[in-house]
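Atoms within each ligand, like the ligands themselves, are counted from 1 in listed order.
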Amino acid sequence: MSDVDLADRVAGPRAFRLPGGASVLVRPIRPRDGDLVQAYVRRLTPDSRRNRFLGALSELSPRALARLVQMDRGGALVLLAFAGADRNATLIAEAMSVIASEGGRGEIALSVADAWQRRGLGTLLMQAVECHARRVGVRHLFGDVLHANTAMKGLARKAGFSIRSPFTDARVIEIVKDLSLTPPAPPCDAQWMAMPSVAARPAAPAAPPLLTTLCSGRTSLTPG
Ligand SMILES: CC(C)(COP(=O)(O)OP(=O)(O)OC[C@H]1O[C@@H](n2cnc3c(N)ncnc32)[C@H](O)[C@@H]1OP(=O)(O)O)[C@@H](O)C(=O)NCCC(=O)NCCS
């Protein structure tokens, strides 16, 4: 069985309804999603790309893209959200969590297509990556966010993160949540805790974390 077949088998899409009534499909990323993700990144506005990747870029490098679609090891999870069905489905959001090298810490990053922002999708995906992080034993979930990124700071606060200002980079704040202090939100039990991910592939050896950045990218990958 190929990787793609296996990913299809263990990680089919799940449907969710956003508060406004729109339905979205969410599934883990697959190795063949590179073109889809690249097109999505290009469609984001420059502001959204800067906020997501903490710097100006127009697209992901081939290396970064290849790493992202293969990010299925060591407890990492990358989720994609789609609007529409089948051939007309459009990628409208992505979210990831990566386990940091020191263990017990997981880094998160996400983005929602501009036309879909402020409709609850970021909240849904944050819940999903948080549930996954709990499942793989993460205690502290963190992310680096541009100081000026009001939307992400708002989303993080709403999701129970606290906000800290590390001294290393004045442009960036750190969002942190100690998962041991709060029980999982209801969707964890109902859907996300049971969500199979390609991260659970039996044959995949743990990859060493890449000490560079994606959203913050201390643990994930650089856009360049
Ligand atoms: C940050 C981001 C992921 C939020 O996603 P979203 O789907 O719009 O978030 P939600 O609709 O679930 O909003 C949840 C809460 O976040 C806050 N929020 C979201 N967008 C906001 C905005 N533009 N201004 C202020 N607060 C905002 C609000 O508190 C909101 O709750 P409310 O609508 O009940 O007031 C989205 O704006 C985005 O993709 N931005 C570009 C990429 C990025 O910044 N990524 C984060 C760095 S890793």
Side-chain angles (χ1 to χ4, degrees), residues 16-26 29 37-60 64 68 71 76-83 90-98 100 105-133 138 140-166 169 171-177 185-187 191-192 210 212-223:
F16 293 88
R17 198 166 289 283
L18 299 180
S23 51
V24 296
L25 288 177
V26 180
I29 201 166
V37 173
Q38 187 68 286
Y40 166 81
V41 169
R42 287 186 188 129
R43 282 198 306 273
L44 289 173
T45 59
D47 274 355
S48 285
R49 279 197 300 266
R50 187 180 319 105
N51 282 331
R52 171 62 176 85
F53 300 106
L54 302 191
L57 63 103
S58 54
E59 62 177 26
L60 294 176
L68 188 66
M71 196 175 282
L77 175 70
V78 182
L79 290 175
L80 302 182
F82 296 85
T90 308
L91 180 56
I92 54 167
E94 50 78 37
M96 59 181 293
S97 80
V98 181
R105 277 169 64 82
E107 182 177 359
I108 56 165
L110 79 163
S111 68
V112 174
D114 292 80
W116 282 83
Q117 290 175 10
R118 211 69 196 255
R119 296 168 72 171
L121 187 50
T123 301
L124 177 77
L125 293 175
M126 281 282 269
Q127 286 170 349
V129 292
E130 180 180 322
C131 290
H132 175 77
V138 166
H140 292 100
L141 209 47
F142 71 93
D144 288 351
V145 175
L146 286 181
H147 213 292
N149 189 350
T150 312
M152 186 59 195
K153 286 196 282 188
L155 171 58
R157 277 197 198 93
K158 201 174 168 186
F161 284 72
S162 44
I163 292 181
R164 301 201 299 223
S165 296
D169 184 346
R171 297 175 317 138
V172 172
I173 54 103
E174 183 184 62
I175 58 169
V176 192
K177 183 169 180 179
Q191 285 130 341
W192 299 114
L210 303 160
T212 47
T213 284
L214 208 150
C215 168
S216 65
R218 266 178 271 165
T219 7
S220 38
L221 66 157
T222 46

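Nearest residue to atom 5 (O) of ligand 1 from Ala148, Ala113, Gly122 is Gly122 (criterion: closest heavy atom). Between atom 6 (P) of ligand 1 and the options Arg118, Arg119, Arg50, the minimum heavy-atom separation is to Arg118. Evaluated by nearest non-hydrogen atom to atom 12 (O) of ligand 1, the leading choice among Thr123, Leu54, Asp47 is Thr123. Counting heavy atoms only, Ala151 comes closest to atom 23 (N) of ligand 1 of the residues Gly154, Ala151, Gly20.
With values rounded to the nearest 0.5 angstrom, Leu110 atom CG is found 6.0 Å from Leu155 atom CG. A distance of 6.5 Å separates CG of Leu141 from CD of Glu130, quoted to the nearest 0.5 Å. Between the NE2 atom of His132 and the CG atom of Leu77 there is a distance of 4.5 Å, given to the nearest 0.5 Å. For the atom pair CG (Leu121) and OG (Ser111), the distance works out to 9.5 Å, reported to the nearest 0.5 Å.
Inclusion of Asp144 in the set of residues having an N or O under 3.5 Å from an N or O of ligand 1 is not warranted. Between Lys158 and ligand 1, a contact under 3.5 Å exists for at least one N or O pair. At least one N or O atom of Val112, backbone or side chain, sits closer than 3.5 Å to an N or O atom of ligand 1. Considering both main-chain and side-chain atoms, Gly120 comes within under 3.5 Å of ligand 1 through a nitrogen or oxygen pair. Geometrically, ligand 1 and Arg52 share no nitrogen or oxygen pair separated by less than 3.5 Å. Inclusion of Ala109 in the set of residues having an N or O under 3.5 Å from an N or O of ligand 1 is not warranted. An N or O contact shorter than 3.5 Å is missing between Met152 and ligand 1 by distance. For ligand 1, the polar-atom distance check finds no N/O of Ser111 at less than 3.5 Å from any of the ligand's N/O atoms.
When heavy-atom distances to ligand 1 are checked against a 4.0 Å cut-off, Asn51 comes that close through both its backbone and its side chain.
Side chains of Arg119 and Val24 form no contact here, defined as non-hydrogen atoms less than 4.5 Å apart. Side-chain contact between Leu57 and Val41: present, with at least one pair of heavy atoms (C-beta onward) separated by less than 4.5 Å. Inter-residue side-chain proximity for Ile92 and Val112 is flagged as unmet; no heavy-atom pair is nearer than 4.5 Å. With a 4.5 Å cut-off on side-chain heavy atoms, Leu146 and Met152 do not count as touching.
At least one heavy atom of Leu110 sits less than 4.0 Å from an atom of ligand 1. Residue contacts with ligand 1 do not include Gly143, since none of its heavy atoms lies under 4.0 Å from the ligand.
Across Ile108 and Phe161, no two heavy atoms sit closer than the pair CD1-CZ, 3.7 Å.
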> Taking it one step at a time, do Ile175 and Lys153 satisfy side-chain contact (heavy atoms from CB on, under 4.5 Å)?
Replying inline: CA-CA 8 Å; Ile175 58 169; Lys153 286 196 282 188; 5.5 Å; no
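The atoms of ligand 1 that sit less than 4.0 Å from any heavy atom of Ser48 are 41 (C), 42 (C).
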